[in-house]
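The structure appears below as structure tokens.
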Amino acid sequence: MSKRVPDPRENISLPEIGEGDRLSIPQHIAIIMDGNGRWANQRGLPRTAGHEAGEDALMDTIAGAIEAGVKVLSVYAFSTENWKRSPAEVKFLMGYSRRVLRSRCDELDAWNVRVRWSGRRQRLWKSVISELERAAALTKDNTGLTLVMNLNYGGQAELVDAARGLAQAAVRGEINPDRITEKTLAKYLYLPDLPEVDLLIRTSGEQRISNYMLWQIAYAECVFVPEAWPDFGRENLWRVLDDYTHRERRFGGAVDQVQNLEGS
Ligand code: IPE
Ligand code: IPE
Ligand code: MG
């Protein structure tokens, strides 16, 4: 039922981003793919139909990210809090994640995408973990976009797991607690080699973080778009990128910009 997304290696034009702006393309984009249930319900369909419609949105957005030259795209697919949903929806989401990974893996491999998983093992279905590991192994040598699937992911859970790792290393005498810095803690995150998030996007109009990448978004630019996730795609991504190029990132620094009021 899903439409085929054109291969991003075919020359897709980037109408929204000028050549000069390519320099300020974010290295790492994180997306909270939200609004599937409402999208479906508004059409008289069950919530699960919204999740299914999200597959094309994801493939199209990945194609758009590749074309724009983004290095890392992280996508929030299932949070540590999503277990609170009905057993039927949780079951659907697990089976669906497994199916999408299996059916899209070869295509992603052909696009030179490296698939990685970030999340907690505990409670996640074993068959989903196997599929994530299979996709990661198959694509491990790919050099294009890194696609991080945040599945059974929670920002607080990740920090708790990092704290546990640090404490265990301290007990073994491998680190001195007095010397723990931001850099030390960052080594204990799920994927410590990834750059911090430059741009965070959330679809569906909600303006909250919902426990996503709490450490990594410290200085991310945030864009909240009204479209539900199934209506998002490469063109929407490029519009957000255009917005991002006009942001001034300060990282806590300051620039003296005294206005010249003469003659006013
Ligand atoms: C996002 O859409 C997908 C997941 C959280 C798995 P939702 O399922 O949250 O859809 P809404 O926000 O209820 O519309
Ligand atoms: C965040 O969306 C999680 C994912 C997109 C996977 P939710 O729909 O679970 O977040 P809340 O409950 O609206 O904050
Ligand atoms: Mg939601």
Side-chain angles (χ1 to χ4, degrees), residues 2 28-62 65 72-104 115-125 127-129 131-132 135 147-161 190-191 197 199-217 220 222-233 236-237 240:
S2 56
H28 187 172
I29 300 180
I31 307 186
I32 303 175
M33 307 183 288
D34 195 25
N36 297 351
R38 278 164 285 164
W39 181 93
N41 286 168
Q42 278 157 12
R43 286 160 179 75
L45 300 168
R47 293 176 55 80
T48 50
H51 299 314
E52 275 172 340
E55 181 179 347
D56 281 346
L58 178 60
M59 293 306 285
D60 204 55
T61 303
I62 294 169
V72 184
L73 178 69
S74 293
V75 293
Y76 206 5
F78 190 91
S79 77
T80 45
E81 286 69 49
N82 287 148
W83 298 105
K84 289 180 193 158
R85 297 191 176 194
S86 73
E89 185 169 347
V90 167
K91 186 168 176 228
F92 175 87
L93 284 166
M94 288 294 128
Y96 170 72
S97 304
R98 197 173 50 201
R99 263 195 322 280
V100 170
L101 282 161
R102 180 161 282 261
S103 67
R104 296 296 191 163
V115 180
R116 299 179 77 180
W117 166 46
S118 175
R120 235 189 204 166
R121 232 161 233 281
Q122 213 181 318
R123 214 169 166 185
L124 187 56
W125 284 21
S127 57
V128 176
I129 297 178
E131 217 51 70
L132 284 160
L147 174 71
V148 179
M149 301 293 302
N150 290 106
L151 247 156
N152 196 26
Y153 176 86
Q156 291 182 339
E158 181 176 30
L159 290 173
V160 166
D161 292 346
Y190 295 143
L191 299 175
V197 174
L199 171 62
L200 173 75
I201 304 171
R202 182 174 187 144
T203 59
S204 91
E206 306 300 342
Q207 301 192 9
R208 55 177 173 264
I209 303 300
S210 300
N211 201 15
Y212 196 34
M213 306 264 241
L214 299 178
W215 180 272
Q216 299 88 338
I217 62 168
C222 301
V223 177
F224 300 96
V225 297
E227 305 89 282
W229 175 248
D231 290 331
F232 199 82
N236 308 70
L237 177 72
V240 174

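Count residues from 1 along the sequence. One-based numbering, in listed order, for ligands and for the atoms of each. Hydrogens, waters and symmetry mates play no part in the numbers below; they use all other heavy atoms, side chains included.
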Answer yes or no for [X]: is there a heavy-atom contact with ligand 1 below 4.0 Å?
X: S204; result: no
X: E206; result: no
X: S79; result: no

With a cut-off of 4.0 Å, which atoms of ligand 1 are near a heavy atom of [X]?
X: R47; answer: 7 (P), 8 (O), 10 (O), 13 (O)
X: A77; answer: 6 (C)
X: N82; answer: 5 (C)
X: R85; answer: 4 (C), 5 (C), 7 (P), 8 (O), 9 (O)

*Tell me, which N, O or S atom in D34 is closest to the Mg ion (ligand 3)?*
OD1

Return the closest protein heavy atom for [atom] as residue, atom name and distance.
atom: atom 1 (C) of ligand 1; value: M33 O, 3.0 Å
atom: atom 2 (O) of ligand 2; value: R202 NH2, 3.7 Å
atom: atom 10 (O) of ligand 1; value: G37 N, 2.9 Å
atom: atom 6 (C) of ligand 2; value: Y76 O, 3.4 Å

Hey, does [Y] have a side-chain heavy atom less than 4.5 Å from the side chain of [X]?
X: S74; Y: Q216; answer: no
X: E131; Y: R99; answer: no
X: S86; Y: K91; answer: no
X: W117; Y: L124; answer: yes

*Atoms in ligand 2 with a heavy atom of F78 nearer than 4.0 Å*: 6 (C)

*Quick one: which of I32, D231, D34 gives a side chain to side chain contact (heavy atoms under 4.5 Å, CB included) with T203?*
D34

*asked:* Does the protein place a non-hydrogen atom closer than 4.0 angstrom to atom 13 (O) of ligand 2?
replied: yes

*Measure up the Y190 and Y153 rings against each other and bin them: parallel (under 30°), tilted (30 to 60°), perpendicular (over 60°).*
perpendicular

_Would you say the rings of W83 and F78 are close, in the sense that their centroids are separated by under 6.0 Å?_
yes

